[in-house]
Visitor: 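Quick one: the structure is below, and I'll ask about it shortly.
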Amino acid sequence: MKSDGPMVTSLFSKQVHSAELSILRLSRRQNLNASPRRLVLLHGAGIPGDLTWRWVAQYLIGWDEIYIPDLPAMGRSEWLGSKTPGFSDYQSVLCEWVASEGWQDYDLAGYSFGGLLAMHMANLHPPGRLALIEPASLLSVSVGDLHSRARAYHELSLQLHESSEKAVVGFLDLVSPRRNRALDALAVKRLRENVEGLALGVGAVGQALNEHGDWYCTWEPPTKGVSIVGGLSDPGMHRRHQMLAENDENWFFQSLENTDHGLVYTKPREIAKIINSLL
């Protein structure tokens, strides 16, 4: 794949909405573009941004700046204060940060919990292009299914707060029941490094599914974009994303064969190629 050349890596932080947000920035060494193309990448629950996106980012082309924030309680970001955060707090942190940058235009991609957050961000601060990778919101065409999943996420969050390895495996069973279990040891190791952050993220997803399930079943993309789903993922998820593509000529659907919810880790080159196609 053609490369745009080396990128400079820098790390900065911003205090927004009761959180200290740590953001990894990748930029071209010689960016002479007066209106640089920017891409924001949002990670899922538990595993921080750099570890989620580092391989995908190597294959991305066409953007002058790439921003990878850590969600609060994950990676280097943290909540300030003692209040237990909910879904709306995560949403507010990201929206306040993007608004503070004063960007005229940016593109956005989100994976899992990050995909759910990206949907809400896209409606409040519309990006030029949007990529959703197995978002935790578009799981089914049925509101009843989403509310059932919300209860499962809530119960799992309570179990994760007890830091049990069984609960971590339960998370994998919930999001990726048809996965290649030979990779479980590595996945469990990564997730157990921050079980509390995983628990908060899972709880926020459950809250969002319960409160916004109706909207997720009727959501229409506000901009051009693409859905990326693992071929081994639930047929209901496939159907929901197919409906988006069928109802909007500017929305595309891609299913990657023989992959599960962990596709962002196992198929980074393919993920990047699809995101690049949005240019």
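In this chain, residues are counted from 1 in sequence order. Keep in mind that what you see is a predicted model, and the values were worked out from it rather than measured.
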Visitor: State the NZ-CD distance between K166 and Q159, to the nearest 0.5 angstrom.
Guide: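 So the NZ of K166 and the CD of Q159 are separated by 7.5 Å.
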Visitor: Where is the tightest heavy-atom contact between H241 and L138, given as atom of each residue plus distance?
Guide: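 Shortest heavy-atom separation between H241 and L138 comes out as NE2-O, 3.4 Å.
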Visitor: Taking the side chain from R178 and the backbone from D234, do they hold a donor-acceptor pair closer than 3.5 Å?
Guide: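 Checking the backbone N and O of D234 against the side chain of R178, no donor-acceptor pair under 3.5 Å is found.
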Visitor: Consider only side-chain N and O atoms of S233 and E134, and report whether a donor and an acceptor are under 3.5 Å apart.
Guide: yes
Visitor: Give the C-alpha distance, both sets of side-chain angles, the deciding distance and a yes or no for side-chain contact (heavy atoms from CB on, under 4.5 Å) between L130 and W251.
Guide: CA-CA 9 Å; L130 176 64; W251 193 265; 3.9 Å; yes
Visitor: Can you tell which of E20, E101, E96 makes a salt bridge (charged side-chain N to carboxylate O under 4.0 Å, His left out) with K14?
Guide: E101
Visitor: In terms of heavy-atom contacts, does NE2 of H161 have more than 12 from other residues, nucleotides or ligands at under 6.0 Å?
Guide: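 Yes, because the 6.0 Å sphere around NE2 of H161 holds more than 12 heavy atoms from other groups.
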Visitor: With heavy-atom distances below 4.5 Å as the criterion, would you say the side chains of I271 and L263 are in contact?
Guide: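 Yes. Closest side-chain heavy atoms under 4.5 Å.
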Visitor: With the side chain counted from C-beta on, respond yes when L71 and L117 share a heavy-atom pair under 4.5 Å apart, and no when they do not.
Guide: yes
Visitor: I'd like to know if the side chain of D107 and the backbone of R129 have a donor-acceptor N/O pair within less than 3.5 Å.
Guide: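 Side chain of D107 to backbone of R129: a pair is present.
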Visitor: Do you know which two heavy atoms are closest between A152 and L174, and how far apart they sit?
Guide: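 Closest pair (atom of A152, atom of L174, distance): CB-CD1, 4.1 Å.
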Visitor: Can you tell me if T52 and H43 form a side-chain donor-acceptor pair at under 3.5 Å?
Guide: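 No, H43 and T52 have no side-chain donor paired with an acceptor closer than 3.5 Å.
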Visitor: S77 and P72: which non-hydrogen atoms are nearest, and at how many Å?
Guide: CB-CA, 3.7 Å
Visitor: Taking the side chain as C-beta and beyond, is there a heavy-atom pair between N180 and T266 under 4.5 Å?
Guide: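 No, their side chains stay 4.5 Å or more apart.
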Visitor: If every non-hydrogen atom of G86 is compared with every non-hydrogen atom of A204, which pair is closest and at what distance?
Guide: C-CB, 4.4 Å
Visitor: Any carboxylate oxygen within less than 4.0 angstrom of a Lys/Arg side-chain nitrogen, looking at R151 and E155?
Guide: no
Visitor: Under a 3.5 Å distance rule, please check whether R179 uses its side chain to pair with a backbone N or O of L172 as donor and acceptor.
Guide: yes
Visitor: List the steps and the verdict of salt bridge (charged side-chain N to carboxylate O under 4.0 Å, His left out) for R181 and D173.
Guide: CA-CA 10 Å; R181 294 172 189 270; D173 290 340; 3.3 Å; yes
Visitor: Is there a side-chain contact between D89 and H17 (heavy atoms, below 4.5 Å)?
Guide: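 D89 vs H17: side chains touch.
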Visitor: Just wondering, are more than 12 heavy atoms of other shown residues or ligands nearer than 6.0 Å to CD in E246?
Guide: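 More than 12 within 6.0 Å, yes.
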Visitor: Would you say the ring centers of Y106 and Y67 fall short of 6.0 Å from each other?
Guide: no
Visitor: Quick one: does I228's side chain get under 4.5 Å of F252's, heavy atoms only?
Guide: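 They are not in side-chain contact.
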Visitor: Same cluster or not: are V143 and L146 linked, directly or through other Ile, Leu, Val, Met, Phe, Trp or Tyr residues, by side-chain heavy atoms under 4.5 angstrom apart?
Guide: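 V143 does not cluster with L146.
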Visitor: Say whether, by atom type as modelled, one donor and one acceptor occur between the side chain of D64 and the main chain of R28 under 3.5 angstrom.
Guide: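 Judged by distance alone, no pair lies under 3.5 Å.
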Visitor: Is there side-chain contact between N210 and F87, with at least one heavy-atom pair below 4.5 Å?
Guide: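 The answer is no; the side chains never approach within 4.5 Å.
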Visitor: Mind checking whether L232 and F253 sit in one hydrophobic cluster, side chains of I, L, V, M, F, W, Y counted as touching below 4.5 Å?
Guide: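 Unlinked, L232 and F253 end up in two clusters.
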Visitor: With rounding to the nearest 0.5 Å, note down the distance linking OG1 in T223 to CG in D248.
Guide: 9.0 Å
Visitor: Run L42 and L108 through side-chain contact (heavy atoms from CB on, under 4.5 Å) and show every step you take.
Guide: CA-CA 8 Å; L42 302 180; L108 178 62; 4.0 Å; yes
Visitor: Find out if a path of hydrophobic residues (ILVMFWY) with successive side-chain heavy-atom gaps under 4.5 Å connects L183 to Y265.
Guide: no
Visitor: Please check if I23 and L11 belong to a single hydrophobic cluster, counting links between Ile, Leu, Val, Met, Phe, Trp and Tyr side chain heavy atoms closer than 4.5 Å.
Guide: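 Looking at the clustering, L11 is in the same group as I23.
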Visitor: Would you please indicate if the ring centroids of H120 and W215 are separated by under 6.0 Å?
Guide: yes
Visitor: Verify side-chain contact (heavy atoms from CB on, under 4.5 Å) between E165 and V188, making sure each step is shown before the conclusion.
Guide: CA-CA 8 Å; E165 183 167 329; V188 170; 4.0 Å; yes
Visitor: Under a 3.5 Å distance rule, please check whether D70 uses its side chain to pair with a backbone N or O of S22 as donor and acceptor.
Guide: no
Visitor: Give the intermediate values and the outcome of side-chain contact (heavy atoms from CB on, under 4.5 Å) for residues K267 and W55.
Guide: CA-CA 9 Å; K267 298 290 183 180; W55 296 110; over 6 Å; no
Visitor: Do you know which two heavy atoms are closest between S140 and D145, and how far apart they sit?
Guide: OG-OD2, 2.9 Å
Visitor: Within a reach of under 6.0 Å around CH2 of W103, are more than 12 heavy atoms found that belong to other residues, nucleotides or ligands?
Guide: yes
Visitor: Any heavy-atom pair between the side chains of S227 and L244 that's under 4.5 Å?
Guide: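 Yes, close enough: below the 4.5 Å cut-off.
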Visitor: What distance separates I66 CD1 from M7 CE, expressed to the nearest 0.5 Å?
Guide: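 Atom-to-atom, I66:CD1 and M7:CE are 4.5 Å apart.
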Visitor: When rounded to the nearest 0.5 angstrom, what distance separates CG in L124 from CG in L94?
Guide: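 The distance works out to 11.0 Å.
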Visitor: Give, for atom CG of L39 and atom CD of E65, the distance between the pair rounded to the nearest 0.5 Å.
Guide: 11.0 Å
Visitor: Using the rule that Ile, Leu, Val, Met, Phe, Trp and Tyr join whenever any side-chain heavy atoms are under 4.5 Å apart, tell me whether F171 and V169 fall into a single cluster.
Guide: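 Looking at the clustering, V169 is in the same group as F171.
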Visitor: In terms of the angle between their ring planes, are H212 and Y216 parallel, tilted or perpendicular, with boundaries placed at 30° and 60°?
Guide: tilted
Visitor: If I take atom CG from residue L26 and atom CG from residue L60, how far apart are they, to the nearest 0.5 angstrom?
Guide: 9.0 Å
Visitor: Do you know the tightest heavy-atom contact between A109 and I275?
Guide: CB-CD1, 4.3 Å
Visitor: Are R240 and M243 packed together at the side-chain level, in the sense that at least one heavy-atom pair is separated by less than 4.5 angstrom?
Guide: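 A side-chain contact under 4.5 Å exists here.
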